[in-house]
Amino acid sequence: MDQPRSEISQLGEFGLIDRVSKNFMLKNATSKTGIGDDAAVIDAGNDYLLVSTDMLVEGIHFDLSYAPVQHLGYKAVAVNVSDIAAMNGKAEQITVSIAISNRFSVEAIDSLYQGIQAACVNYGVDLVGGDTTSSTSGLVISITVIGRAPKDRVVYRSGARPNDILCVTGDLGAAYLGLQVLEREKQVFLEDTNMHPDLEKYEYLVGRLLKPEARTDIVAELADAGVTPTSMIDLSDGLASDIFHVSRASGVGFRIYDDTIPIDKTAYQTAIEFKLDPLTCALNGGEDYELMFTIAKSDQEKIKNHPDIHFIGYAHERKDENVLVTKQGNIVALRAQGWDHFKK
Ligand code: ADP
Ligand code: MG
C-alpha cells in the first residue's frame with residue numbers, strides 16, 4: 001500500500017517544528033522550558049541555564065561567493081549569542097560542529113575559526129567542544145550556545161501583557177537590503193567577470209548581513225536602567241513574523257505605528273532603488289538580529305532617552321489583532337511573511 005506523502009513546504013518551518021515536537025513531554029523537573037522560545041531553560045540550582053542551537057547551511061543561509069568565511073564564523077556565533085540575549089541571559093560556552101566538503105582548504109577552515117575566535121573574544125564565550133565531519137555538498141556550521149541568568153531575570157516570549165510598550169533596538173530591513181545588493185552584484189559579476197562591484201555606498205547594509213552583532217549591550221543597559229522586559233525575542237525572521245511569535249506565546253495582540261519603525265537612511269534609499277517598499281523591507285526582511293521586547297508602561301520613562309531603543313507600539317487584549325497603523329490612520333493587518341526556507 002502506498003504511504004501517504006505530504007510536502008514539507010505545505011507545513012512550513014514552524015508547522016514542521018510543531019508537528020515533530022507535539023508528542024514530546026518534558027519529564028525532568030530540571031527542564032523548565034522546552035521548545036518554543038529563543039532558548040531552552042534548564043534549572044541549574046541557583047541559576048537557569050539557557051541552551052540554543054542555530055545552524056547555517058551553504059546555499060540556504062549563505063553564499064560563499066560573497067560571504068567571506070571569516071565573517072561566517074563570526075556570524076554563526078553572533079546569531080547564537082543573540083538567542084541568549086533574547087532570554088536576558090549571558091552566553092558562556094559554545095560547541096561548534098562543522099561538515100566540510102573537500103572544496104575547502106585548511107586555510108579556509110583557519111579563517112572560519114578566526115571569525116569564531118573573534119566572536120568568542122567579543123562576547124566573552126568559551127569554545128568547549130563540537131564535532132567535525134565531511135559533507136558531500138556544502139559547508140554546514142551548527143553551533144550550540146549555553147548561557148546563564150539568575151532565575152528571576154530570565155525573559156520569555158510569553159510575558160507580554162496588555163498595555164505593555166513594544167520596543168525594538170537599532171534599525172530594521174538593512175540586512176535584507178544588503179542581501180539584495182550582494183545578489184545583484186553577483187549577477188553582474190557572473191555576466192562579466194571583469195566587473196568588480198563597487199560596494200562602498202552599501203557598506204552598512206552589506207555589513208548588517210555579513211557581520212551582525214548580538215545586542216548584548218542592550219541587555220546590560222536595560223539592567224543598568226533597572227528595566228526587566230516583560231517579553232523578548234531576537235529579530236531573526238522579520239519584525240512582523242516575530243511579532244506573531246510573541247503574540248501567540250503571550251496571548252496578546254500588537255498595534256504598531258509605521259512612522260515609528262526605525263529604518264536606516266541608506267536602507268531607505270536602497271529600497272527605493274530596488275523598487276521595494278522600505279517599510280515592507282523593515283517588516284519582513286529578517287536577519288537583523290536586533291532585540292524586540294515589551295516593557296511595563298511604568299518603565300518607559302527610564303529608557304525614553306536611549307538613542308537605540310524605539311517605541312513602536314503596544315500590546316492589547318485582542319490576541320488575533322496584530323495591526324499596523326499608518327500615518328494616514330489606516331489600519332492594516334500584519335502578515336507573517338518572514339524567512340521561510342521551505343517556502344522559497
Ligand atoms: P530562533 O529563530 O530563535 O533560533 P527557531 O525559530 O529556530 O528559533 O526555533 C523555534 C523553536 O523550535 C526553538 O525553541 C527551537 O529550539 C525549536 N526547534 C527548532 N527546530 C527543532 C527541531 N528540529 N527539533 C526540536 N526543536 C526544534
Ligand atoms: Mg531567536
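Both ligands and their constituent atoms are indexed starting at 1 by order of listing.
Between Ser236 and ligand 1, a contact under 3.5 Å exists for at least one N or O pair. Annotation: Gly34 places no N or O atom under 3.5 Å from an N or O atom of ligand 1; distance criterion only. Looking at Asp237 next to ligand 1, no N or O pair under 3.5 Å apart turns up.
The contact set between ligand 1 and Phe14, taken as ligand atoms under 4.0 Å from a residue heavy atom, comprises 6 (O). Of all the atoms in ligand 1, the ones that sit under 4.0 Å from a non-hydrogen atom of Asp37 are 13 (C), 14 (O). Of all atoms in ligand 1, numbered sequentially from 1 with element shown, those under 4.0 Å from a heavy atom of Arg157 are 3 (O).
Between Ile100 atom CD1 and Ser134 atom OG the span is 8.0 Å, to the nearest 0.5 Å. Distance check, rounded to the nearest 0.5 Å: CD1 of Ile218 to CD1 of Ile309 gives 4.5 Å. Of the inter-residue distances, the one linking Asp242 atom CG with Asp234 atom CG reads 7.0 Å to the nearest 0.5 angstrom.
For the residue pair Tyr204 / Asp171, a side-chain donor-acceptor distance below 3.5 Å is found, with atom types taken as modelled. A donor-acceptor pair shorter than 3.5 Å cannot be found between the side chains of Tyr74 and Gln117. Of the N and O atoms on the side chains of Tyr202 and Arg208, not one donor lies less than 3.5 Å from an acceptor on the other residue.
By the definition of a contact as any protein heavy atom under 4.0 Å away, atom 13 (C) of ligand 1 is in contact. By the definition of a contact as any protein heavy atom under 4.0 Å away, atom 16 (O) of ligand 1 is not in contact. Not a single protein heavy atom sits closer than 4.0 Å to atom 24 (N) of ligand 1.
In this structure, Phe14 and His245 have perpendicular ring planes: the angle between them is above 60°, well past the 30° mark.
Closest to atom 27 (C) of ligand 1, if we only count protein heavy atoms, is Ile17 CG2, 4.0 Å. Remark: minimum distance from atom 11 (C) of ligand 1 to any protein heavy atom is reached at Gly36 N, 3.8 Å. The protein non-hydrogen atom at the shortest distance from atom 7 (O) of ligand 1 is Glu13 OE2, 4.1 Å. The shortest contact between atom 22 (C) of ligand 1 and any protein heavy atom is with Val20 CG2, 4.8 Å.
Counting heavy atoms under 4.0 Å from ligand 1, residue Ile35 touches it through both backbone and side chain. At a heavy-atom distance under 4.0 Å, no atom of Met87 approaches ligand 1. At a heavy-atom distance under 4.0 Å, only side-chain atoms of Asp54, from C-beta outward, approach ligand 1.
Counting just the N/O/S atoms of Asp234, the one with the shortest distance to the Mg ion (ligand 2) is named OD1. Looking at Asp83 and the Mg ion (ligand 2) together, the shortest N, O or S contact belongs to OD1. For Asp38, the N, O or S atom with the smallest separation from the Mg ion (ligand 2) is OD1.
For the residues Ile233, Asp83, Leu16, the heavy atom positioned nearest atom 4 (O) of ligand 1 is part of Asp83.
With salt bridges taken as basic N to acidic carboxylate O contacts below 4.0 Å, none links Asp47 and Arg153. Look at Asp299 and Lys302 and you find a salt bridge, because one of the NZ, NE, NH1 or NH2 atoms lies within 4.0 Å of a carboxylate O, short of that distance. Using a cutoff of 4.0 Å between basic side-chain nitrogens and carboxylate oxygens, Lys151 and Asp43 are scored as salt-bridged.
The backbone N or O of Gly124 sits less than 3.5 Å from a side-chain atom of Lys90, completing a donor-acceptor pair.
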Before you tell me yes or no, could you show the steps for Gln93 and Val125 under side chain to side chain contact (heavy atoms under 4.5 Å, CB included), namely the whole-Å CA-CA distance, both residues' side-chain angles and the distance that decides it to 0.1 Å? CA-CA 5 Å; Gln93 290 88 16; Val125 301; over 6 Å; no
